[in-house]
Every structure is written in structure tokens, then in C-alpha cells.
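Note that this is a predicted model, so its numbers are computed, not measured.
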Amino acid sequence: MTGPLTDIGANLTHDAFDADREAVIERARANGVRTMIVTGASETGSLQALELARSWPGTLYATAGVHPHHAKDVTPDTLSVLGECAEAPETLAVGETGLDFFRDFSPRDVQERVFAEQLELGAQSQLPVFMHLRDAHERFLAIVKEHRDAMLRGVVHCFTGTREELWDFLDLDLHIGITGWICDERRGHHLREFIGDIPDNRLMIETDAPYLLPRDLPGDFDPQPSGRRNEPAILPHVLAAVADATGKPDEEVAAKTTATAREFFSIPD
Ligand SMILES: [Zn+2]
């Protein structure tokens, strides 16, 4: 086993974990995933993420945000709730926020407004921002550019784009989160060719559990997933894929991604 890992994106409040959440967190810890950032993706979800983080001090931390899918549900109260969450010491970032023009569950103009509002909240609360992007690169880039000077730090989580898109973000001094998408031979293997471009102090890893179960997870990986549900204990498999793609030892990628996550989120010692 490598040194301690940090899963920077775990949707642990998802109802897929309702029956065995504690066991899932214990399994992650037993597999070296010592720290997990619980994604807040809606007003309620952000409150739940904070509550969960409070019950696992030193292991779980939370983000507070509204995913672009839910942008249409944002009311005038939502931002003040997120702002209150952001003041809690367990909340280490604003987000998940961003743009998703692939599913278009919320109208695009609403997604853009709610994204900009959350970038402003991140700047006001001096927290880094955890960002989601799918099929909206140009608008995403334009909005982030407008706010970049005021932003503390930002990560494009679950990066799935091209090398040119990657460099657009590195040029803005943003961080990059890599998920098990890189393990998907149908749509994610292109990432293997250029994730070596990402400097060590910009690269972090995540499961995005319960989503994105790595497609190539070996039958002897311990633990085996329950059905198609991903879980943070599977992060070492993502680590191994990143290490393989960059030609570096697992141990080195573990140490560097963990150090980068600790710095990015200002995780307390
Ligand atoms: Zn996402």
C-alpha cells in the first residue's frame, strides 16, 4: 500500500450509500484513503455534506455548492445557505459548481449565472472552488477568466478534455482532478497521453463515487464494488492508472497528489 491518499471528490451523501455509509468510509481508510472531501452538489446536499464531515472529524471535509444540473433550483436563499456552510471550518471549498451543456438539466443562461455567483462566493469567503465542466469549454473558460483574479484557487474536477483544453486551465493556474475516467478505454484513454503535462503541484485524484466506477477494475481488486457503485476505497486503482500513464512510481504519485490536495484545500494537520 502507498502512503495516505486524499479523495478530493466523493459524493458520500448520495443515497447509494444510505445502507452502509460507515462501512464505506471505514473501507476507504483501511485502503489508505485517509481523507475524503465530500462533495456538496445542492443546497440540501451541502448541508448534509457538512453534517457528515462533522461526524468524521479529521477524515471527512465538505464542499458547499450547487451542481449545474441543479442550477434551476437556486432561490435567493440558496446563496446565503451556501455562505453559512462556507463559514464552517469543515467546509474547505465552494462547489461543486460549473457548467454542464451535455445533459442540460438546467437552462444554460441559468447555469452561467449560478456558476458566476458561486465563483464570487468563493472569492468572498477566500475558499478554493471545486468546478465541474462538461461540453461547455469556451463559456466555462470565459467565465473563469472573468473571476480568476479574485479567486483563491480552483480545480477542474473530473477533467476529461483535450490537451489544448488542459493547457487553457494550466495557463490560468488552475488545478486538475483526475478520476477513473482515465481507466475507460472507450472515452478516457486519450488522457493518458498528456496528463504528464500537469505539474505535480496542480494534480489531484478523486473517485467521484458513487459514479465513474473504473471500467478496468480487476476482479481481484480489494474491495470489490457493490454492483456498479464506485466508492472511495477504489481510489488506489485511479492512482495506479495515473502513475502508469505518467511513468512514475505509485508511491511518488501518492505522496505528491496528497501533498497537493492538502495545500489546495488547506487541510488541517
Ligand atoms: Zn462533477
Side-chain angles (χ1 to χ4, degrees), residues 1-2 4-42 45 48-49 52-53 56 59-63 65 67-69 93 95-96 98 100 102-103 130-134 155-160 176-189 191-192 195 203-245 250 253-254 257-258 261:
M1 195 189 287
T2 61
L5 302 178
T6 300
D7 188 347
I8 68 154
N11 299 278
L12 286 172
T13 63
H14 193 285
D15 57 16
F17 297 116
D18 280 355
D20 62 346
R21 188 167 284 109
E22 202 172 319
V24 165
I25 296 164
E26 292 292 8
R27 263 203 299 282
R29 285 159 57 104
N31 242 16
V33 185
R34 210 71 63 73
T35 311
M36 288 154 262
I37 312 288
V38 183
T39 310
S42 65
Q48 288 169 342
L52 187 61
W56 291 83
T59 297
L60 302 187
Y61 296 94
T63 72
H67 191 284
H69 289 348
E96 177 168 9
D100 194 313
F102 178 66
R103 300 222 188 263
F130 185 86
M131 298 182 289
H132 170 104
L133 164 63
R134 191 115 189 250
V155 59
V156 182
H157 110 97
C158 190
F159 178 79
T160 60
I176 306 292
I178 296 289
T179 60
W181 188 280
I182 194 173
C183 305
D184 185 334
E185 78 290 351
R186 300 165 310 170
R187 54 181 192 172
H189 266 194
L191 293 171
R192 299 176 54 95
I195 61 161
L203 173 66
M204 301 184 282
I205 54 174
E206 48 175 333
T207 58
D208 205 22
Y211 312 111
L212 297 179
L213 179 71
R215 277 175 56 85
D216 63 350
L217 192 72
D220 62 354
F221 188 88
D222 184 27
Q224 281 295 296
S226 143
R228 299 294 305 157
R229 185 186 74 172
N230 197 6
E231 60 175 82
I234 290 169
L235 189 65
H237 182 70
V238 177
L239 170 80
V242 170
D244 186 55
D250 287 19
V253 178
T257 53
T258 296

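- Using a 4.5 Å heavy-atom threshold, the side chains of Cys183 and Arg215 count as separate.
- The shortest side-chain heavy-atom distance between Ile8 and Tyr61 does not fall under the 4.5 Å cut-off.
- Shortest non-hydrogen contact noted between Thr13 and Asp18 is O-OD1, 4.5 Å.
- Between Thr207 and Glu231, the shortest heavy-atom contact is CG2-O, 3.8 Å.
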Query raised in the report: Do Thr59 and Arg34 pass the side-chain hydrogen bond (donor to acceptor under 3.5 Å, both in side chains) test, and can you show the C-alpha distance, the side-chain angles, and the key distance before you say yes or no?
Result: CA-CA 6 Å; Thr59 297; Arg34 210 71 63 73; over 6 Å; no
Query raised in the report: Hey, mind stepping through Ile176 and Val155 against side chain to side chain contact (heavy atoms under 4.5 Å, CB included) and telling me if it holds?
Result: CA-CA 5 Å; Ile176 306 292; Val155 59; 5.6 Å; no
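- Under the 3.5 Å distance criterion, with hydrogens and angles disregarded, no donor-acceptor pair is assigned to the side chains of Asn230 and Asp208.
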Could you list the donor-acceptor pairs under 3.5 angstrom formed between side-chain atoms of residues 234-245 and any protein atom two or more places apart in sequence or on another chain?
from	atom 1	to	atom 2	distance (Å)
His237	NE2	Asp216	OD1	2.7
Asp244	OD2	Arg192	NH2	2.6

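- A heavy-atom distance below 4.5 Å is not found between the side chains of His157 and Met204.
- No side-chain heavy atom of Asp7 sits under 4.5 Å from any side-chain heavy atom of Thr35.
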Query raised in the report: Passes side chain to side chain contact (heavy atoms under 4.5 Å, CB included), Leu212 versus Trp181? Steps please.
Result: CA-CA 7 Å; Leu212 297 179; Trp181 188 280; 3.8 Å; yes
Report task. Go through the steps to decide whether Glu206 and Phe130 satisfy the test side chain to side chain contact (heavy atoms under 4.5 Å, CB included), and finish with yes or no. Result -> CA-CA 12 Å; Glu206 48 175 333; Phe130 185 86; 3.8 Å; yes
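- Between Thr6 and Met36 there is no side-chain heavy-atom pair separated by less than 4.5 Å.
- Distance alone, capped at 3.5 Å, is enough to place a donor-acceptor pair between the Thr258 side chain and the Pro4 backbone.
- Taking 4.5 Å as the limit, every side-chain heavy atom of Thr63 sits out of range of all side-chain heavy atoms of Val38.
- Ring geometry, Phe17 versus His14: the interplanar angle exceeds 60°, so the pair is classed perpendicular (tilted spans 30 to 60°).
- Between Arg21 and Leu52 the shortest side-chain heavy-atom distance falls below 4.5 Å.
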Requested in this report: Any chance you could lay out the side chain to side chain contact (heavy atoms under 4.5 Å, CB included) test for Met131 and Phe159, step after step, and finish with the verdict?
Outcome: CA-CA 10 Å; Met131 298 182 289; Phe159 178 79; over 6 Å; no
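- The pair Arg229-Asp20 meets the salt-bridge criterion, since a charged nitrogen lies less than 4.0 angstrom from a carboxylate oxygen.
- In terms of heavy atoms, Pro232 sits closest to Val24 at CD-CG1, 3.8 Å.
- Applying the side-chain hydrogen bond (donor to acceptor under 3.5 Å, both in side chains) rule to Asp100 yields the partners His132; only residues at least two apart in sequence or on another chain are considered.
- Taking a 6.0 Å sphere around CD of Glu185, one finds it holds more than 12 heavy atoms contributed by other residues, nucleotides or ligands.
- Looking at every heavy atom in both residues, Cys158 comes nearest to Thr179 through SG-OG1, 3.3 Å.
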